[in-house]
Amino acid sequence: MSKHDVSNRLSKALVMADGLTQQDVAAIGGLITAGEWELALETLCTQLFEYDVEVSVAYRAKLEALGTELGVNAPHLLGDP
């Protein structure tokens with residue numbers, strides 16, 4: 001997994017995240033730019049859960065795949081027990 005690939009996939013996931021505040025989007029975007037990908041994904045998933053944002057099956061699969069690659073437990077952060 002290349003730096004460019006991970007950064008692009010996280011950025012696309014962020015763009016698809018409807019329901020977050022502009023402040024959250026900016027903060028997560030800053031983490032992506034800084035190369036803090038794990039923290040960016042953790043924050044994205046946590047905020048989606050906190051704001052009770054409906055996540056489609058396809059979008060959830062993208063987040064979970066990124067989580068697997070980055071060592072982030074995305075399903076748990078999205079509210080799975």
Side-chain angles (χ1 to χ4, degrees):
M1 114 181 95
S2 74
K3 286 183 2 176
H4 183 70
D5 180 52
V6 172
S7 182
N8 277 343
R9 289 171 59 206
L10 278 169
S11 294
K12 288 177 185 176
L14 182 58
V15 168
M16 294 172 60
D18 292 331
L20 299 183
T21 67
Q22 284 298 99
Q23 186 177 15
D24 286 326
V25 171
I28 295 166
L31 291 169
I32 294 169
T33 300
E36 296 288 341
W37 303 315
E38 295 87 355
L39 185 54
L41 182 59
E42 289 172 357
T43 305
L44 174 58
C45 292
T46 300
Q47 293 308 93
L48 289 169
F49 177 74
E50 287 296 317
Y51 288 115
D52 200 26
V53 174
E54 183 119 3
V55 177
S56 72
V57 172
Y59 184 50
R60 184 186 220 21
K62 289 176 195 255
L63 294 174
E64 289 179 6
L66 276 166
T68 298
E69 290 178 37
L70 296 173
V72 172
N73 189 349
H76 175 73
L77 295 171
L78 290 167
D80 290 354

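Computed from a predicted structure; not experimentally measured.
A heavy-atom distance below 4.5 Å is found between the side chains of E69 and R9. The shortest distance between side-chain heavy atoms of L48 and Y59 falls below 4.5 Å.
Taken together through direct or relayed side-chain contacts under 4.5 Å among Ile, Leu, Val, Met, Phe, Trp and Tyr, L31 and L63 form parts of separate hydrophobic clusters. No single ILVMFWY cluster, assembled from side-chain heavy atoms under 4.5 Å apart, contains both L14 and F49.
The distance from the CG atom of L66 to the CG atom of L41 is 6.0 Å, given to the nearest 0.5 Å. Of the inter-residue distances, the one linking S11 atom OG with M16 atom CE reads 13.0 Å to the nearest 0.5 angstrom.
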For residues 73-81, please give each side-chain donor-acceptor pair under 3.5 Å, one per line with the distance, not counting sequence neighbours.
from	atom 1	to	atom 2	distance (Å)
N73	OD1	H76	N	3.3
D80	OD1	R60	NH2	2.7
D80	OD2	R60	NH2	3.3

Tabulate below the donor-acceptor pairs under 3.5 Å that side-chain atoms of residues 19-30 make, not counting sequence neighbours, or state none.
from	atom 1	to	atom 2	distance (Å)
T21	OG1	D24	N	3.0
T21	OG1	D24	OD2	3.1
D24	OD1	Q47	NE2	3.3
D24	OD2	Q47	NE2	3.2
D24	OD2	Y51	OH	3.1

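Shown here for T46 and E42, the closest heavy-atom pair between the two residues is OG1-O, 2.7 Å.
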